[in-house]
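Presented below is the structure to which this report refers.
In what follows, every chain begins at residue 1, and chains take the letters A, B, ... in the order their sequences are listed. Remember, predicted model here, so these are calculated numbers, not experimental data.
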Amino acid sequence: MTLQLHNTLTRKTEPFTPIQEGKVTLYTCGPTVYDFPHVGNWAGYIYWDILVRTLISNGYNVERVMNITDVGHLVSDADEGEDKLEKGARREGKSAWDIAEFYAEDFLAGIEKLGLIVPEHIVRATEFIPQQLDLVRTLKQKGFTYQIDDGIYFDTSKFPTYADFAELDLEAQKAGARVAFNAEKRNPSDFALWKFTPKNEKRDMEWETPTDLLDEPVSGEAKVMGFPGWHLECSAMAMSILGDTIDIHTGGIDHIPVHHTNEIAQSESASGQIFSHYWLHNNHLKVNGTKISKSLGNGFTLQNLADRGFSPLDYRMFILQSHYSNEGNFTFENLAAARNRLNHWRNVAALRHQAHDTLAQNKTKEDDPSLAVIGLIKTALNDNLNSPEALRVIDEVFSHLESHNLDRIDSHALNQLLETIDQLLGLQLIATTPDIDDETKQLIIQRERAREEKNWQTSDELRDRLTAKGIAVRDTQDGTVWEYV
RNA sequence: GGCGCGUUGACGGAACGGUUACGUGGAGGUCUGCAAAACCUUUUAAAUGGGUUCGACUCCCAUACGUGCCUCCA
């Protein structure tokens with residue numbers, strides 16, 4: 001099956017065809033680094049990691065950009081207009097730069113813990129200020145911008161297809177708007193490309209506004225300091241690194257109506273080209289049936305999970321159990337179910353240390369269930385990243401393997417299956433299931449001897465010693481099999 | 001007020017117009033020196049009401065409930 005993806009642009013699941021044969025350019029909207037990422041944030045990154053792995057398994061060379069938003073992402077609550085980074089800095093008594101650095105590092109550490117493939121380009125908004133200003137300049141020269149008191153704005157009425165991507169009803173929104181909008185804006189949907197630092201205010205992060213971007217002097221000041229609007233960075237980074245048109249752009253569904261709509265407007269207005277051929281959006285994760293929000297305190301972090309005894313890979317398994325377009329529900333009970341499933345898989349993976357590859361010669365896909373299922377896993381993922389289906393077929397083959405005696409298992413084929421699962425799903429089954437040491441093996445052999453002599457007391461003692469080492473044994477018709485406790 | 005999405009068994013969660021999803025948990029059983037694991041069985045599955053159809057969890061309509069977004073909130 002060729003790769004099919006659901007494209008938000010067309011609202012259809014369609015075959016994937018890259019611009020350039022054999023190569024995929026991919027942009028993933030990354031985090032705003034003002035706090036620890038929570039489980040909902042990570043869910044998206046896990047799903048897009050599966051996308052990358054699936055693309056690679058289809059033979060594509062993937063070049064991927066992920067941004068780290070370290071400036072310009074404003075809050076909208078009571079203290080409207082404030083920058084999240086600056087706010088975080090005030091909260092913690094540090095500078096915005098310190099805040100960005102700290103949480104960016106934490107994010108990168110999380111990528112490592114979850115076994116996510118690191119994007120080729122992880123770039124920070126503050127490293128791309130000149131490119132962002134260039135983009136504003138181009139838009140200004142083409143007549144898409146205007147200046148008001150607090151910044152330079154994009155005139156969405158100049159981009160006739162503005163409402164198409166999110167299927168917005170701009171008139172209806174105008175009528176029903178809850179929040180009073182900036183009266184100086186020409187259209188309610190217009191958004192800031194570049195904001196001016198308010199008078200009598202000193203930001204940690206600000207840059208001089210090039211004079212050629214200004215329609216008129218601001219309050220007679222010689223130097224006008226400012227900072228980029230939040231949407232600008234993604235367009236500037238994507239186009240300057242990957243080109244005017246990219247293959248795939250991913251993000252959370254919340255980005256459809258505003259952020260991605262604005263990205264499309266400013267990018268396509270500047271370049272005159274299609275910005276991205278495919279747009280993929282992950283649904284949001286709920287916690288205990290409700291939205292994740294700061295005020296509820298339900299935005300669990302990886303550290304919160306670790307405190308309760310759950311590993312990042314347990315969480316990865318939990319996420320893969322539901323489809324990226326499905327609204328997931330996180331509870332610790334469900335996470336425990338995922339952990340149990342993963343532990344079960346690890347014990348199947350451990351069978352490779354105990355089986356032989358005597359059957360390996362002349363093995364074909366038809367002969368061996370382990371090899372046969374590899375194709376099924378790829379087919380599932382090629383069907384719009386259907387990870388739950390992939391897990392299902394793995395469960396089936398694992399169940400099949402377990403129900404047979406060891407001598408029916410081909411360790412060579414099992415190894416190949418495990419490698420494939422690790423490549424496609426990143427569950428690190430091989431890395432987390434080392435062989436037992438020689439001393440432990442000796443204990444198992446001694447116990448088998450004791451059992452042959454029907455010396456139950458000795459064999460039970462040996463079993464206890466093995467348990468203390470974290471190894472459980474089960475006695476089958478053709479010998480003892482060990483597992484991790 | 002506007003626009004949208006969802007509602008599957010104890011819990012999570014897929015596919016599919018007609019066949020046991022699968023996983024986790026509970027109960028019983030087989031096997032076993034005892035265990036464990038595995039296997040088998042079981043744990044009334046499709047919010048409600050209509051319709052289309054030979055046949056609907058799967059398509060259409062309505063109702064209820066839940067939920068998301070509405071201009072800088074993952």
Distance in angstrom units between [X] [atom1] and [N] [atom2], rounded:
{"X": "A:Ile444", "N": "B:A35", "atom1": "CD1", "atom2": "P", "answer": "21 Å"}
{"X": "A:Leu376", "N": "B:A21", "atom1": "CG", "atom2": "C1'", "answer": "14 Å"}
{"X": "A:Trp482", "N": "B:A35", "atom1": "CH2", "atom2": "C1'", "answer": "19 Å"}
{"X": "A:Tyr315", "N": "B:G12", "atom1": "OH", "atom2": "C1'", "answer": "14 Å"}
{"X": "A:Asp383", "N": "B:A21", "atom1": "CG", "atom2": "P", "answer": "20 Å"}
{"X": "A:Ile292", "N": "B:G68", "atom1": "CD1", "atom2": "P", "answer": "11 Å"}
{"X": "A:Asn455", "N": "B:C34", "atom1": "CG", "atom2": "C1'", "answer": "14 Å"}
{"X": "A:Ile471", "N": "B:A35", "atom1": "CD1", "atom2": "C1'", "answer": "17 Å"}

How would you label the contact of [X] with the nucleic acid (heavy atoms, under 4.0 Å): base, sugar-phosphate, or nothing?
{"X": "A:Gly328", "result": "sugar-phosphate"}
{"X": "A:Asn282", "result": "nothing"}
{"X": "A:His323", "result": "sugar-phosphate"}
{"X": "A:Val473", "result": "base"}
{"X": "A:Ala192", "result": "base"}
{"X": "A:Ile256", "result": "nothing"}
{"X": "A:Gly40", "result": "base"}
{"X": "A:Asn329", "result": "sugar-phosphate"}

*asked:* As an exercise, state the distance from CE of A:Met66 to CG of A:Leu26, rounded to the nearest 0.5 Å.
replied: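 Reported to 0.5 Å precision, the distance equals 8.5 Å.
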_Value rounded to 0.5 Å, distance of CG in A:Asn262 from NE2 in A:His255_ =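 Between atom CG of A:Asn262 and atom NE2 of A:His255 there are 11.0 Å.
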*Give the nucleotide from the list B:C72, B:A14, B:A36 with an atom nearest to the side chain of A:Trp230.*
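Closest of the options to the side chain of A:Trp230: B:C72.
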_From C-beta outward on A:Arg392, which listed nucleotide comes closest to its side chain: B:C22, B:A14, B:A37?_
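Looking only at heavy atoms from C-beta outward on A:Arg392, the closest nucleotide is B:C22.
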Using atom [atom1] in both nucleotides, what's the gap between [N] and [M] to the nearest angstrom?
{"N": "B:A62", "M": "B:G28", "atom1": "P", "value": "49 Å"}
{"N": "B:G9", "M": "B:U48", "atom1": "P", "value": "10 Å"}
{"N": "B:A64", "M": "B:C57", "atom1": "P", "value": "24 Å"}
{"N": "B:G13", "M": "B:U24", "atom1": "P", "value": "16 Å"}
{"N": "B:A38", "M": "B:G49", "atom1": "P", "value": "40 Å"}
{"N": "B:C34", "M": "B:U44", "atom1": "P", "value": "33 Å"}
{"N": "B:C65", "M": "B:A10", "atom1": "P", "value": "23 Å"}
{"N": "B:A21", "M": "B:C60", "atom1": "P", "value": "23 Å"}

Has [X] got a side-chain N or O lying under 4.0 Å from the OP1 or OP2 atom of [N]?
{"X": "A:Asn347", "N": "B:A37", "answer": "no"}
{"X": "A:Asn326", "N": "B:A14", "answer": "yes"}
{"X": "A:Lys291", "N": "B:C69", "answer": "yes"}
{"X": "A:Tyr484", "N": "B:A37", "answer": "no"}

Is it true that the side chains of [X] and [Y] contain a donor and an acceptor less than 3.5 Å apart?
{"X": "A:Gln4", "Y": "A:Asp383", "result": "no"}
{"X": "A:Asn384", "Y": "A:Tyr324", "result": "yes"}
{"X": "A:Asn187", "Y": "A:Asp190", "result": "yes"}
{"X": "A:Asn283", "Y": "A:Ser325", "result": "no"}

*Ignoring hydrogens and angles, tell me if any N or O in the side chain of A:Gln147 forms a donor-acceptor pair with the backbone of A:Ile152 under 3.5 Å.*
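Here the side-chain-to-backbone pair does not exist.
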*Any donor and acceptor pair, going by atom type alone, linking the side chain of A:Ser276 with main-chain N or O of A:Trp279 inside 3.5 Å?*
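No: the side chain of A:Ser276 does not pair with the backbone of A:Trp279.
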_Closest-nucleotide mapping onto RNA chain B: is A:Glu389 or A:Asp190 further toward the 5' terminus? I mean the 5' end._
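Taking each residue's closest nucleotide, the earlier one in sequence belongs to A:Glu389.
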*Hey, which sits more toward the 5' end of RNA chain B by its nearest nucleotide, A:Arg474 or A:His400?*
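Going by which nucleotide is closer to the 5' end, it is A:Arg474.
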*Once each nucleotide of nucleotides 23-33 of chain B is scored for protein heavy atoms under 4.0 Å, what B/S/- sequence comes out, 5' to 3'?*
SSS-------B
*Given A:His231, which of A:His259, A:His260, A:Glu263, A:Gln266 fulfils the side chain to side chain donor-acceptor pair (under 3.5 Å) condition?*
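In the set A:His259, A:His260, A:Glu263, A:Gln266, the residue that makes a side chain to side chain donor-acceptor pair (under 3.5 Å) with A:His231 is A:His259.
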*A:Leu135 side chain near A:Gln131 side chain, heavy-atom distance below 4.5 Å*: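 Of all side-chain heavy-atom pairs linking A:Gln131 with A:Leu135, none is under 4.5 Å.
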*Stems involving RNA chain B, each a run of at least 3 consecutive Watson-Crick or G-U pairs under 3.5 Å*: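 The stems are B:1-7 with B:64-70, B:10-12 with B:22-24, B:25-30 with B:38-43, B:47-51 with B:59-63.
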*Is A:Arg124 paired with A:Glu101 through a side-chain N to carboxylate O contact shorter than 4.0 Å?*
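Salt bridge between A:Glu101 and A:Arg124, a charged N being under 4.0 Å from a carboxylate O: yes.
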*Should the pair A:Arg447-A:Asp475 be classified as a salt bridge under the 4.0 Å nitrogen-to-oxygen rule?*
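Yes.
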*Would A:His284 count as stacked on B:A74 if the rule is ring centres under 5.5 Å and plane angle under 30°?*
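The ring of A:His284 is stacked on B:A74.
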